[in-house]
Amino acid sequence: MSLLEVRNLRVSFATPHGSVQAVENFGVSIDAGETVALVGESGSGKSVSALAIARLLPTPPSRIETGEVLFEGRDLLALGERELRRVRGKELGLVFQDPTSSLHPLMTIGEQLEEALLVHERMPRASARQRAEWALAEVGIADPRARLSAFPHQLSGGMRQRALIAMALLTRPKLLIADEPTTALDVTIQASLFALLRKVQREHGTALLLITHDLALVSTFARRTLVMYAGAVVESGLTSELVARPAHPYTRALLRSVPSLSTSLDHALPVIPGAPPDPSHPALGCAFAPRCEFALSACHQRRPALVALSTSASGEAGVRVHSRRVACTESERTLAAEVNS
Amino acid sequence: MSALLTVENLCVRFASREGRTVHAVEGVSFSIPSGGALGLVGESGSGKSTTARAIAGLQAPSEGRVLLDGEPFGRQSARSARARVQLVFQDAQGSLDPRRPVGWSVEEPLALQGSGTAKSHRARAFAALDACGLDPRLSLRYPHELSGGQRQRVAIARALVSEPQLVILDEPTSALDVSVRAQIVNLLCDLRQRFGLAYLFVSHDLAVVRRVCEDVAVMYLGRIVERAPRSELFASPRHPYTQALLAAVPEIGRDLALAPLALDPASPLAPPSGCAFHPRCPRRSEVPAQRCSLELPLLQTHGDAALSCHLAAGSVPPARSAAQGSGASRG
């Protein structure tokens, strides 16, 4: 059984101009200790999906129309508020991009860390304080005892994000959901935070759902990747295979358009024309068709479903084989042949 | 060939609330030839944006001077001289008036300069929008009606309309989606060639800088620590900080060097003694007598490159291994 199994998730938002579909038919499964990435541009639905999984979307304006979020077999969407809070506080860790909005500005770092332990672990205050200090040391914060009495604004951006990760990991959650955890940070700090995440995952078997726009980061860190576009998953599979042989035209184009430190400068960067679509005006057919160089007339009429291309060629022993899936009418046959070759 | 822009010993210092002095920029010198492009890279707090703002005249330098075509340039310069330097920021939304159609914002600099007729202004605004890949009919739209990429194109058109010689770009692609970023990067390369523009390009995104600029200066806590043509800087970085920075950039098909530096950067409020990078430097033990923590290394020029590191001018071996990274496996 997977640690997390999300099926058929569908989320809409009420707007002054009517209901807007934000996420459609979203599914993902994550095994214990595994790292899965959700990649997409703004408006792709990646953050909405993550928030819906943690049931952190404000309802209204959002509405989870269909779906199941099975976390260790229990459907989080069916839990009452009290049970839900227990799961969120203890078994599910959450880290968001902007630590200033996730930390209480008027509480010290120590008070915020201790609170989780006092509430969820019913720990005596003294041992909670000790544990909080260890947690800060574990995420590489120098002089952790002094930092416990600091307020969030007294820490640097990198330090605040470390404190937030420490807080998310405090109760040893089985799954950590991290939404653009390092996007606002410098690359050297990003690298050290990912080193930290890897260490925690190794030591405690924590699974990670990483939400990001950064394909390059994903390619170095996540075992499996789901690429989202306009509210739907357009391609998924093992990261190494998806990056080496992208099947969906969007994944292909996106990979090519990322500037790199080593590719030739003789030619202009390949670009994807146009911009991501406006979710309030959904296309009838494939959402990427207007920007797709391979689009046929059929692509504009019918929205393609996410279908399995092939089972993964390099299924590791003892690991469930995840098939490569792609949502593309035109390419289903040709790309399937290519990926299998 | 004389330089278009010359920056000499630029220093910007602020007084902090606690009464201390923040050395945001210290002793920065460089020049950009006409039509050249210099990328200024570094992490937050490195002083790269403050340097750009001081050059643009938005921030008074505490020391040093800025010359444009050999003439002092700054807030006191005549409007016609200031029109030759234009700015593009990260957030186009913030530099366009939300209550005016974007065409008005593109024409505004011409109206402020006061020469020409309204009709000629409109024609030049249309030409600038067209050069930026926008249909001039979009000029009737309001900023909120445009996509992020379109707004950034408008902001670039607004900079171009005055026919500048130098455009200062501060993180112009950082707020954009991946697919749109590539479009703007290509546009900037294309415009530079077409109009013979010089760029001062401030960015934390090294791969984008590599695309746009043929020269790169790396800043750390207010100072330039290394400067080199891009062909040298990306292939064989010499300063240990440049090496760490490049190793930390995630690249498709390359393992990420997890934790190339053990510590976070020091605060610009309390810069370390000696070489400001020394507490994080993985190679400081190679320099005898704790020189790195005691003595500030000078920026020494060798041909068209410069380096500020006690690991001796010229004797720091280029660390290819650092650029290739190590250690990460997929989990």
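A note on names: the letters A, B, ... follow the listed sequences, proteins ahead of strands, and every chain is numbered from 1.
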inquiry  = Would you compute the distance between atom OG of S44(B) and atom CD1 of I189(A) and round it to the nearest 0.5 angstrom?
reply    = 6.0 Å

ask   = Where does P273(A) contact chain B at under 4.5 Å (heavy atoms): side chain, backbone, both or neither?
value = backbone

message = Taking side chain as everything from C-beta outward and backbone as N, CA, C, O, which of these in S147(B) sits under 4.5 Å from a heavy atom of chain A? Side chain, backbone, both or neither.
response = side chain

query = Which distance, rounded to the nearest 0.5 Å, do you find between the CD of Q190(A) and the CD of E43(B)?
reply = 11.0 Å

task = Quick one: closest heavy-atom pair of A216(A) and P250(B), and the distance?
result = CB-O, 3.4 Å

message = I'd like to verify something: which residue of L193(A), L208(A), L217(A) has the highest number of heavy-atom pairs under 4.5 Å with chain B?
response = L217(A)

ask   = Which bit of R256(A) comes within less than 4.5 Å of chain B, counting heavy atoms only: side chain, backbone, both or neither?
value = neither

task = Answer with side chain, backbone, both or neither: which region of D278(A) has an atom nearer than 4.5 Å to a non-hydrogen atom of chain B?
result = neither

note = What one should report as the nearest heavy-atom pair of E251(B) and P259(A) is OE2-O, 4.4 Å

message = Quick check against the 3.5 Å criterion: does Q183(B) have a side-chain atom that pairs as donor or acceptor with the backbone of I272(A)?
response = yes

message = Shorter than 4.5 Å, heavy atoms on both sides: which option in N186(B), V180(B), L206(B) has the most such pairs with chain A?
response = N186(B)

V178(B) versus chain A, the contacting section by heavy-atom distance below 4.5 Å = both

query = Which answer fits S264(A), side chain, backbone, both or neither, if we ask what part of it has an atom under 4.5 Å from a heavy atom of chain B?
reply = backbone

inquiry  = For the CD atom on Q193(B), are there more than 12 heavy atoms of other groups (residues, nucleotides or ligands in this structure) within a distance under 6.0 Å?
reply    = no

Reported CG-to-CG distance for the pair L261(A) and L233(B), which is rounded to 0.5 angstrom = 10.0 Å

Result of checking S219(A), S262(A), S260(A) against I252(B) for side chain to side chain contact (heavy atoms under 4.5 Å, CB included) = S219(A)

remark   = Ordered numerically, the heavy-atom neighbours of chain A under 4.5 Å found in residues 207-214 of chain B are A207(B), V208(B), R210(B), R211(B)

note = Of the listed G274(A), A244(A), G40(A), A275(A), the one with the largest count of heavy-atom pairs under 4.5 Å with chain B is G274(A)

